[in-house]
Structures are given as structure tokens and as C-alpha cells.
Amino acid sequence: MKYDFSKIEPKWQKIWEEKGAFRAVDFDKRPKYYALVEFPYPSGAGMHVGHIKAYSGLEVISRKRRMQGYNVLFPIGFDAYGLPTENYAIKTGMHPRVVTDKNIEKFTSQLKRVGFSFDWSRVIDTTEEGYYRWTQWIFLKMFEAGLVFRDNALVNYCPHCKVVLSNEDSQGGKCDICHSDVVQKSKTVWYLRITKYAEKLLEGLEKVDYLPNVKQQQVNWIGKSTGAFVDFTIKETGEKLRIYTTRCDTLFGVTFMVIAPEHPMLEKNRALLRNADALDAYKEECAKKTEFERTQLVKDKTGVKVEGLTAINPVSGKEIPIFISDYVMMGYGTGAIMAVPAHDERDYAFAKKFGADIIPVIKGGDIETGAYTGDGKVINSGFLNGLTNKKDSIAKMLAYLEEKGVGVAGVQYKMKDWAFNRQRYWGEPIPIVHCPKCGMVPVPYEDLPLRLPKVENFEPGEGGESPLAKIESFVKCKCSKCGGDAKRETDTMPQWAGSSWYFLRYIDPNNDKAFADSDKLKYWLPVDWYNGGMEHVTRHMIYSRFWHKFLFDEGLVPCDEPYAKRTAQGLILGPDGEKMSKSKGNVVDPNDVVDEYGADVLRTYVLFMGDYASAAPWNESSMKGCKRFLERVSDLSELVGKGSPSDKVDVSIHKTIKKVSSDIEDLKFNTAIAAMMTMLNEIYDAGTLTKDQFGLIIRLLCPFAPHLSEELWQSIGGNGLCSLAPWPEYDEEKTKDSEIEVAVQVLGKLRATVMLPADCDKETALETAKKDPRVVPFLDEKTIVKEIWVPGKIINFVVK
RNA sequence: GCUCCUGUGGUGGAAUUGGCAGACACGUUGGAUUUAGGAUCCAAUACCGCAAGGUGUGCAGGUUCAAGUCCUGUCAGGAGCACCA
């Protein structure tokens, strides 16, 4: 059959759509399967082939599952709020709504041309009222639960764009939009108290099936550490200065303390400070430093001694000085540390610069050359002396501290609370009203959605205010509690908001009574398999797990972990081996590929080009191999009925069914396709094929090249749609060759291969091998001291 | 600095529990077909060597009958976190 993709692809796409072939059916009797891919941000540039690869993995899984008899939910949508659209709007004067609709239209047509089996009846768009209404609703639930708070914080601010930037948008200390230097600015911002869920987020990882590196990254991001809080006494005031440490076993080696420049203790005891001016100056200097400077100058320690306050070591009773330094941060632990220069590199560097004492308390290092962080015998430490195990010393010290009431075991997390707002227009308005009498008042649930007002000008205001702040009709409002005049919050939510719960909305996308019906949630959740990019493993995934766990605690979802399984695909690089980007001009548009080669070739190629999880450069000539492959499959139809049925072909097909079936489950699409190519070569060698055998091959290929498969399925009179035909089963007996090739080694070196019956016993095998003319010369005049026989694999003679 | 991942032909990449390194594909070379180009088909293609044979999975060691795979050290590249007390 001639392979004319330009005819058959639109034909079958139309039929699938008309028949609703890929609709997921709520409450269906078949077992359910929820496959989820990360929904795209509809940028103006359109999709590139990287998107296609990202979706092709679970596309194959979904199609296979349907053929295996599952009720599959494989949805798609658009994560459409965000900066690029807004910046484009500022530049062109077009409204973000118009831009977004246009982009979504383009993405949709691109996705449809590739023939993905998404359930298009469940498409969602995070910027639609019907959607963001529920994003706001969940936010209010969190507000009610005390998970939302406001605090003053240093934010990244671009003085040129007059915009507050997220960390992601200001990498390297440069503004992502105009590339000028970002400065730190103090601002009141909204936070979600994600740290309250730190332990749950960590524990939950134990029962989910994520790739090991995905789990590892989340564990690192949460960053749990176990240690102790220890109270030092301030000599002049008698108050306690609490520190956090993971090494309380080194308490006797503490020779000074360091507190963050912003530590409240300074303000509180200002009257006692003899060098308040110097301390203030240092604090101000630190505030001016950008995030970039602070992290780049890590080696060079700076600080100022606090004159007028002295601390007392709670175990040794020694008086020690206190310093302020920016290497101690208010945001972690208690904002104060005990410094043990003999056993901590940062403390050592600081002590050297400021001339503080260095007392070793663990044997093993040399305080002249640097800090010793290893294990060893405890010295100079009173009751701890002589212990050699760090664990024991820590336990003994902790017991002592607790008995004396000056310390307590504790844990800390690196993860910080989630700064949850942007001073931008194109985002979900935060549904809170500021009332001079009642304070922060939530917008009543029945008033949701709090709509984004139509504005003409999206430029942010002076001092990093949201464009919404300029819309008087939006800002001016009544307090729902007291009815008095109030002001509306004008910040919007960050891009991560809408994507934190989108997988729930697919389950019931048109519900206007709830974010989703609870019975439907019960039926579909959890997501059985979630695939996406490594770049979303920390932020998006942690955020959405956090929202989900919150909803679970509120009794609104039936399970505490949203994703049962998580995998990740690798990037597609440009033909030059560089990351695809518009500025480098190495972006490949899937539409161009579909035009020239067809969707089936594109789909096959993105999965064949390499290991699914690794990055691989785009190589157009390699794609020709995939085209040839599909053409050769198509040409098989001319072989059907020719010659007499061959057992060899049967074995080849059944072996391939077995390999393809298991490779797909492991995301090893490249070897699955390679196996089909090998099978094809074997069939052409045999020169014969039955119609039944062809039917198996067509169905096996269907998840990869569904259009061609449908066409061939129809040509052999297959029942119904190939996409919904049963997945081919293999017969274990038929996967075994009657004769196998076994390698013969002498002293571990390959000398020959021999053909043996599959069920050959050891003796026969060894005898056959010994007689092989290629082996004989190597055994001649030698004594065989050992004979190794690995059935079906190898024979090795050890000779002397 | 910490955590994790990856180093295999000219290229992308294969290789269950340690068991024939280089599957499959691209590219290249030769041949067939063709007016020509293209397409297609056949053959060859890790390296050295005419051959017998030898050498080969970043590098150096080790364990083993047998190592791409396990162990120790080391180098290179990538990703994430980053003064985390």
C-alpha cells in the first residue's frame, strides 16, 4: 500500500473526533487510568518539538492502556497566566486575553495535527473565569485555615521595569526582561505557609513511585535537618539567645556567637550597644547587596562585633563575644548561631579574620590549617571527653541540655514559605479586601470569581505596584463584614497558582458548584502516571502536592498524594546541540515536520531518537530512517498471503510483542521501536506473512503511528478502530527459539559460537563446544581446569 | 562547597541477575537499477593488521573463569541546591 500520510492523517483524526474515540467516561465499569502530562504555557512562539516529545511518552502509554481495556483519562489544557503574555501585551498594545486566545488556538491546532489522543472535551484554561474562580476559592480556604499571611520581605526589584521579580525571573542578578541589575527592596508580600506541610511533604515521598532523582531533588529542596535549639544567656540582660545547631556535641568549642544583622535582639537592647552606629551601617550595607552579591562573595566573611553584649556558654560558663554577619540569615533556624571555628569552615574563616579563639574539641584536625569536620575522639569537653562516636556525643549532650533546661532537640527545613503574589496584571486577583476597621477581609465565596477588570494599560506602576492599583473602580470597594469603605488588594497570584490543582479540574471541568464533584474525584484520583520536565520537579510539584495535601486535610479530595507515579523526559536540543531557543534560531516547529514527513514519522522519531529521559539533539536525516520504517510497515501488505506461514516469523512477532509491551512500561520507546525494526527485517528475510500476523503488527505499532495503523487495520478488514482494538498478547512458548547461539570462550576470550538446541544439557553443550574446529587449537596440549556453562548464554573453558 | 546524573564507533544510541560490546538507526564506501539526479534494493562499515591474531566502553588500579556493568582512586561534562549553622 502506498504510504500517503497527507491523506490518511487528517482522515483518521476526523474519524476519532467524530466517534469521540478518546473520551474518558466518568464512573465507567472498566478499570480507570489517569495519565497526566504537564499542560503547556501557550506562548506566542507556538509549540516546538520538545512539547511533542514531552507528550508522546504518556500518549503511547494512554493508547496502550485503552487497547488493554482501561477507561483512560488523558487530558490537556493551558496554563495561560504569566509574564511573557503580559510583556507581549505591553509591547504591542494587544489585550492579554486576545493574545492568550490566539496562542491557545495555535497550540490546539498543532497538537491536533500530531494526532494525540487527548480528551478534547475536557480542555481547561487557567485564565477562564470558570477556572480561576476555583483557584481563588482554594486560596480563601487556605486563608481561613491560617495558611495565608503577609510579611515584610526583601524582594527582587528591577528599577528599570519597575517590577518586582521572582527569583526565577531574576537569575544571576539580572532582570529577565531588560537585563539590567536587580536590587533588593523591602515590600509587604503575601505568603502561603507551605513550611507547615514540610514534614508531610517529606513523609509522602515514601509511598509514591517517583524516579529516584525526582525524589532526591524534592528531599533536598525540603532540606530537613535534625539538631538542637540551645539557649545562651546574655550576661548584661539575663535574656536568652536561642540558636539552632546540628552539632551540639561541639558546644565546648564555642568561642563566639554570630547573629543575623536584622536580629531583633539588637533593636531591643539598643540602649546597651556601644557601637550602634557601626552595627546600623553594616545592616544597611547588607540590605543593599543583591542576592547575587551575597551568594557570589561567599568566601569573604564580613561582620561587626556587638559591643556591649556578651553571651555565656551554657555548658562551660565561659563569656564569649557576639558578632553580626550576613552569613547568618534571619530566614533559617533562629537567625543566630553558636560558632565553633575549630569544626566549621565558615566559623573558621570568620574567626581567622576577626581574631577569635579556636578551641578544638574533636581530635583529628589541625587548627592552624583549617576546620576539621570529621569524626574523632572528644577532647576539651568536660563530661563528653573520651567519646568517639558523634551520635553518642550528641545524645549525651542533648540529655544534659534538656535536664538543665537550656536546650531541646529540634528540626529545621531549608524550604521557605511561598511568596505568593506578583505585582502584575495577567494573573488571578487575590480575593482579599483591606478594611480600615476589620483588617484583611476575604471576598465572600458567593462573590467569586473576583474578575480581572478590563484595563487599557498594563504597565506596572511606580515602586512596583500592580497595574490594577491604578484602576480606581477596582480598588474602591465595600468591606463585606462592616459595609464600610475598603480597598481591594491589587496584587495577583503567581504563575504557579493555577497549575497547583489543574489535574483536579480535568476530572470535572465544567462544574460550577464545586472545583470538582467528590464522587468523580473518588473515581479518578490519584493520577496514575504523571510525566513532565525535570525543571518542575521542585517548584510546581512541591506546590501542587502542598495544595493537594491541604485539600485532603479539609476533606475535599479522597487521597493525600496526588500523583502515584512520576517520570521525566529529556530535552530535545537544537541540531547544533544547544538548547532550543528563539534567539539562537534553532527551534524546530512540529508543523514543518508534519508537513514534510507526517505526524506518524514525527511521533516515531521523537521517541526513537534516544533514551526518553535524556537530552538529545534534533537530527533530520535520522528522521528519514523512521520514515523508511513506516513505509516498510506499509509495504508489508504486499507480503500478506505470500509463501507458506513461517514459525520463524511467528517467533519474531511474539518476541517483539513481549519486548515492546514491557519496554513501553519502562519508557524505553527507542528500544521498542528498534525491536519492531528488527522484526521487520526478519519478516522481509522470511518473505512471508499471514493476515493474522499482520494484524498483530499493526496493533503493536498503533500507539506510535496510529494513523498508519488505522489505515492498515481497515485495509485488512479489522474490527472497529485499531486504536480501540485489543492489545496483542504474546504466547510465551512462541517467544522461544528452538535453537540458540552460544558463545564459546577459552580463558575468557571468545573463540567460537555454536548452535545448540534450546533445551541442551551441560554435557552435550560442552562436548559440542570442545569439538568445534575453531576451539580445538586453543585446548590442544592444555589441561581444562574448569568448565563454565551458563545455559543459553556462554561456555568458558579455563585451561592451564 | 553539597546532592544527583552521565562518559561506549564518524553520529544518535543498544547491551535482564556480571555472560558474544557496538542491537536499531543515521552517515560513509562499493554494487544493482536509472538518461541524469533522487528514491529503492544488495553488500561492507569499532581500531591495528594481507592474514593468523591482537587491542578496545574517559583514565589508573582491584575483585572474578568472565567487568561497559561490581569495588577503590582519578579526570571530564551536565543538572539541581547553594554561607542551611
Side-chain angles (χ1 to χ4, degrees), chain A residues 211-221 223-225 227-228 243-248 250 257-258 260 294-301 325-329 331-340 343-347 349-350 412-416 534-535 537-538 570-571 573 577 605 608-611 613-626 628-629 631-632 635 659 662 666 668 670-681 684 741-753 777 784-799:
Chain A
L211 286 181
N213 53 335
V214 170
K215 252 186 211 182
Q216 189 62 45
Q217 268 196 37
Q218 295 202 5
V219 169
N220 289 347
W221 179 270
K224 182 178 180 173
S225 85
I243 60 98
Y244 175 73
T245 179
T246 54
R247 292 295 306 272
C248 65
T250 60
M257 299 187 77
V258 186
R294 243 177 119 137
T295 51
Q296 286 304 298
L297 306 168
V298 285
K299 298 245 160 61
D300 202 22
K301 295 280 178 289
S325 173
D326 64 354
Y327 84 92
V328 173
M329 268 143 304
Y332 185 79
T334 60
I337 63 158
M338 61 179 215
V340 187
H343 305 291
D344 182 284
E345 283 164 24
R346 295 151 303 172
D347 297 347
F350 194 87
Q412 280 294 308
Y413 302 92
K414 283 188 202 175
M415 189 168 68
K416 299 198 172 80
M534 277 311 286
E535 69 273 23
V537 157
T538 45
L571 288 174
L573 307 172
Y605 174 65
F608 181 66
M609 62 193 293
D611 177 17
S614 324
W618 185 260
N619 180 347
E620 183 159 347
S621 66
S622 188
M623 195 156 49
K624 287 179 190 152
C626 292
R628 247 173 245 163
F629 165 60
E631 281 167 351
R632 271 157 61 85
D635 289 343
K659 179 154 178 65
S662 71
D666 298 334
K668 289 162 79 174
N670 53 339
T671 51
I673 294 166
M676 288 191 277
M677 289 172 169
T678 307
M679 172 187 71
L680 216 58
N681 291 340
Y684 274 106
E741 196 184 29
V742 173
V744 183
Q745 298 181 336
V746 179
L747 280 173
K749 284 209 158 66
L750 180 73
R751 296 304 175 188
T753 58
I784 298 176
V785 290
K786 203 169 178 186
E787 295 169 334
I788 316 273
W789 160 244
V790 182
K793 295 241 164 90
I794 210 160
I795 291 164
N796 192 8
F797 296 112
V798 186
V799 298

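Here the structure is a predicted model, which is why all the values come from computation and not from measurement. First the proteins, then the strands, lettered A, B, ... as listed; each starts at 1.
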Looking at [X], I'd like to know whether one of its side-chain N or O atoms comes within less than 4.0 Å of OP1 or OP2 on [N].
X: A:K668; N: B:A15; answer: yes
X: A:T671; N: B:G13; answer: no
X: A:N681; N: B:A25; answer: yes
X: A:Y332; N: B:A85; answer: yes
X: A:R628; N: B:C41; answer: no

Q | d(CD1, A:I795; P, B:C65) in whole Å | A | 19 Å

Q: Please work out whether B:G56 sits syn or anti, treating a glycosidic angle within 90° of 0 as syn.
A: anti

Any base atoms under 4.0 Å from [X], or only sugar-phosphate, or nothing? Heavy atoms, all strands.
X: A:A615; value: sugar-phosphate
X: A:T753; value: base
X: A:E741; value: base

When the [atom1] atoms of [M] and [N] are compared, how many Å lie between them, rounded to an integer?
N: B:A60; M: B:G54; atom1: C1'; value: 22 Å
N: B:A82; M: B:U17; atom1: P; value: 36 Å
N: B:U57; M: B:G68; atom1: P; value: 7 Å

